[in-house]
Amino acid sequence: MVRVLVVVTRRIAESALNTLLGRFEVRLYDSDEPPSRCWLESNIGDADGVVCTLSDRFDSELFKKAERLKVLSSMSVGLDHVDLDAATMRGVYVTYTPDVLTDATADLTWALLLGVARRVSEAERFLRGGLWRVAWAPNMFLGSDVYGKTLGIVGMGRIGYAVAKRARGFDMQILYYQRRRLSEDVEKVIGARYVELDELLRRSDFVSIHLPLTEQTRGLINEERLRLMKPTAYLINTSRGAVIDEAALIKALKDGWIRGVALDVYSVEPLSKDNQLLRFENVLLTPHIGSATTETRKRMAELAVDNLTAVLIGRLPLHLANPDVVRIRPLG
Ligand code: DGY
C-alpha cells in the first residue's frame with residue numbers, strides 16, 4: 001500500500017486525531033503551541049496532507065518545500081495565513097472550516113459588546129483589587145444601555161448575520177455594510193438596513209467588525225473613519241485585528257473619540273506586553289478566543305479532517321478555498 005503521510009501542526013480533538021490515525025500515517029506536533037518555522041520546513045517535505053491552524057503561516061517559500069503536498073486543511077474560517085495563489089499554482093487544495101464556529105464567535109462578540117458597555121472586566125478588577133468600599137453608589141461604574149440602541153455590523157457574512165440575529169432580542173436597530181448588499185427578503189428577515197460604511201459609523205452606538213482580512217479590508221477602519229464615530233459609541237472586533245488601524249485606534253482612545261473598545265483580535269498576535277491598548281480601562285481585551293468552546297473546537301477539528309480526507313481519497317472537499325486548483329491538479 002502507498003504510504004500517505006499527514007502532518008498535524010497542533011494537538012487537536014481526540015476524535016479527529018483518531019479518524020486520521022485510522023486512515024493515514026500521522027506526524028503530530030503534539031503541543032498547544034505552534035511549531036517553529038524550522039520544524040515546519042523540515043517536516044512537510046514528505047507530507048501528502050497537512051492540518052494546520054491560523055497561526056501557521058503558509059507562504060510561497062514554505063509551499064516550495066512541500067513537494068508532495070496535495071491538501072492543506074486549515075482549522076479556521078479565516079485564511080489570511082495562507083498564500084492561496086502559491087498553493088493553487090503548486091496544485092495544493094486549501095480547505096477551511098466555516099459554519100461550525102459561527103455561533104460561538106457571535107456569542108463571544110455579544111459577550112464583548114455587553115462586557116464593554118457594562119464595564120464588566122473593569123468592575124471585576126476593581127472588586128478583586130479590594131477597592132469596593134461603598135456598597136452602592138448612584139454613579140459607580142456607569143456604563144451604557146444596550147437595549148434599544150443602534151448596532152452597526154460591518155460584514156454581514158455568516159458571523160455578522162448571527163450577531164444580528166442575537167441583536168433582535170435586544171430590540172436594536174440594525175445597520176449593516178458590506179461590498180454586496182443582501183437581497184431585500186433577507187434584509188427583512190433579519191430586520192437590517194443597508195447603509196454605506198461612513199453612514200454606519202456616524203449612526204451606530206455599537207460597531208461590530210466581521211470582515212475577512214484581505215488587501216481591501218486591511219486598515220479599513222482608519223483614523224478618518226474612527227473620527228466619524230459618535231463619542232459615545234463602542235467598537236468591537238472579533239474578525240482580524242489588521243482590519244483596524246491599531247495606531248489610529250490608540251489615538252482615538254487617547255483623545256476620547258469613542259467611549260470604549262472590545263477586541264478579540266490584534267494586528268500582531270499574541271499581543272505584546274507593551275501594547276498601549278493594555279493601558280486603557282475602557283478597552284476589553286480577550287486573546288483570540290472567538291471559537292474557543294469545547295464543542296466548537298471539536299467540530300472544527302473534525303471538519304478539518306473530513307476536508308483533508310476528501311482530497312486524499314480523490315473527492316472534492318466540502319469547503320475548498322481555491323477552486324481553480326481543480327484545473328491544475330484534477331482529483332481522482
Ligand atoms: C478563525 O477560524 O479564523 C477564527 O478566527 C478562529 O477563532
Side-chain angles (χ1 to χ4, degrees), residues 1-98 100-101 269-270 288 291-292 294 296-322 325-326 328-332:
M1 250 193 39
V2 192
R3 163 185 184 258
V4 177
L5 174 68
V6 174
V7 167
V8 182
T9 67
R10 217 62 47 82
R11 199 175 287 150
I12 57 170
E14 217 175 296
S15 55
L17 187 61
N18 285 339
T19 307
L20 280 180
L21 287 166
R23 280 200 109 122
F24 309 113
E25 185 179 326
V26 175
R27 183 179 298 148
L28 172 67
Y29 189 79
D30 194 7
S31 168
D32 275 336
E33 312 241 320
S36 65
R37 174 77 180 196
C38 179
W39 189 91
L40 281 177
E41 284 178 0
S42 47
N43 279 278
I44 59 165
D46 54 349
D48 300 280
V50 170
V51 177
C52 74
T53 77
L54 59 89
S55 39
D56 305 313
R57 179 147 298 282
F58 275 79
D59 52 28
S60 59
E61 287 310 304
L62 195 54
F63 279 119
K64 276 187 204 151
K65 302 209 181 305
E67 282 170 13
R68 288 176 55 91
L69 194 63
K70 288 191 195 66
V71 52
L72 174 67
S73 175
S74 185
M75 193 180 133
S76 66
V77 65
L79 280 174
D80 44 290
H81 55 296
V82 179
D83 183 336
L84 282 179
D85 291 339
T88 308
M89 260 163 49
R90 301 189 73 85
V92 178
Y93 285 68
V94 178
T95 66
Y96 63 123
T97 59
V100 291
L101 49 70
E269 296 179 2
H288 204 149
S291 63
T294 311
T296 298
R297 288 288 162 83
K298 181 167 177 275
R299 284 196 293 265
M300 288 168 75
E302 287 171 353
L303 183 53
V305 166
D306 287 352
N307 283 331
L308 171 127
T309 305
V311 178
L312 292 180
I313 64 173
R315 302 218 178 107
L316 261 187
L318 208 50
H319 303 292
L320 180 60
N322 56 341
V325 73
V326 178
I328 310 243
R329 187 200 290 251
L331 288 166

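Positions are given from 1, in the same order as the sequence printed here.
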A.B. asks: Restricting to side chain to side chain donor-acceptor pair (under 3.5 Å), what partner residues turn up for T97, sequence neighbours left out?
C.D. replies: none
A.B. asks: Counting neighbours of CZ on R37 that are heavy atoms of other residues, nucleotides or ligands and sit closer than 6.0 Å, is the number greater than 12?
C.D. replies: yes
A.B. asks: Find the distance between CG (L20) and CD1 (I12) and round it off to the nearest 0.5 Å.
C.D. replies: 5.5 Å
A.B. asks: Which of these passes side-chain contact (heavy atoms from CB on, under 4.5 Å) with R23: V4, I313, L312?
C.D. replies: I313
A.B. asks: Would you check if L320 and V326 make a side-chain contact, meaning some heavy-atom pair closer than 4.5 Å?
C.D. replies: yes
A.B. asks: Please identify each residue that fulfils side chain to side chain donor-acceptor pair (under 3.5 Å) with N322, with sequence neighbours left out.
C.D. replies: T88
A.B. asks: For F63, check ring pair (Phe, Tyr, Trp, His ring centres under 6.0 Å) against everything at least two apart and list the hits.
C.D. replies: F58
A.B. asks: Hey, does L40 have a side-chain heavy atom less than 4.5 Å from the side chain of V7?
C.D. replies: no
A.B. asks: Would you call V92 and V325 a side-chain contact if the rule is heavy atoms closer than 4.5 Å?
C.D. replies: no
A.B. asks: Taking atom types as modelled, is there a side-chain donor on T19 or E302 under 3.5 Å from an acceptor on the other?
C.D. replies: no
A.B. asks: For S55 and H81, what are the C-alpha separation, side-chain angles and deciding distance, and is it a side-chain hydrogen bond (donor to acceptor under 3.5 Å, both in side chains)?
C.D. replies: CA-CA 7 Å; S55 39; H81 55 296; over 6 Å; no
A.B. asks: Is there a side-chain contact between T95 and L72 in this structure, where contact means two heavy atoms from C-beta onward sitting under 4.5 Å apart?
C.D. replies: no
A.B. asks: Minimum heavy-atom separation for N43 and A47, please, with both atom names.
C.D. replies: O-CB, 4.4 Å
A.B. asks: Could you check if a side-chain atom of P270 sits within less than 4.5 angstrom of a side-chain atom of H288, using non-hydrogen atoms only?
C.D. replies: no
A.B. asks: Testing the basics here: between P317 and A310, what is the closest heavy-atom pair and its distance to 0.1 Å?
C.D. replies: CA-CB, 3.7 Å
A.B. asks: Heavy-atom distance under 4.5 Å between the side chains of L318 and D306, does that happen here?
C.D. replies: no
A.B. asks: If only side-chain N and O atoms count, and only distance matters, is there a donor-acceptor pair under 3.5 Å linking R297 with S291?
C.D. replies: yes
A.B. asks: According to salt bridge (charged side-chain N to carboxylate O under 4.0 Å, His left out), who are the partners of K64, at least two apart in sequence or on a separate chain?
C.D. replies: E61
A.B. asks: Under the salt bridge (charged side-chain N to carboxylate O under 4.0 Å, His left out) criterion, do R27 and D46 qualify, and how do the steps go?
C.D. replies: CA-CA 11 Å; R27 183 179 298 148; D46 54 349; 3.0 Å; yes
A.B. asks: Using side chain to side chain contact (heavy atoms under 4.5 Å, CB included) as the criterion, list what pairs up with E25, not counting sequence neighbours.
C.D. replies: R3, L5
A.B. asks: Which pair of non-hydrogen atoms, one from L331 and one from G314, has the smallest distance, and what is that distance?
C.D. replies: CB-O, 3.7 Å
A.B. asks: State, to 0.1 Å, how close V77 and Y96 come at their nearest heavy-atom pair, and which atoms those are.
C.D. replies: O-CD1, 3.4 Å
A.B. asks: For R299, enumerate each residue passing the side chain to side chain contact (heavy atoms under 4.5 Å, CB included) test, keeping only those at least two apart in sequence or located in another chain.
C.D. replies: V100, E295, T296
A.B. asks: To the nearest 0.5 angstrom, please state how far the OH atom of Y29 sits from the SG atom of C52.
C.D. replies: 15.0 Å
A.B. asks: For the residue pair F24 and D48, establish whether any side-chain heavy-atom pair is separated by less than 4.5 Å.
C.D. replies: no
A.B. asks: Between atom OG of S76 and atom CG of L101, what is the distance when rounded to the nearest 0.5 Å?
C.D. replies: 8.0 Å
A.B. asks: Answer yes or no: is there a side-chain heavy-atom contact under 4.5 Å between I44 and W39?
C.D. replies: no
A.B. asks: For a side-chain hydrogen bond (donor to acceptor under 3.5 Å, both in side chains) check, start with the C-alpha distance between T9 and D56, then their side-chain angles and the critical distance, and finish with the verdict.
C.D. replies: CA-CA 8 Å; T9 67; D56 305 313; 2.6 Å; yes
A.B. asks: Taking 4.0 angstrom as the limit, do D83 and R57 come out as a salt bridge?
C.D. replies: no
A.B. asks: Heavy atoms only: give me the nearest K298-S15 pair and the separation to one decimal.
C.D. replies: CE-OG, 3.6 Å
A.B. asks: Could you tell me the separation between the CZ atom of R90 and the CD atom of E67, rounded to the nearest 0.5 Å?
C.D. replies: 7.5 Å
A.B. asks: Let me confirm one number: the NE2-OG distance from H319 to S73, rounded to the nearest 0.5 Å.
C.D. replies: 10.0 Å
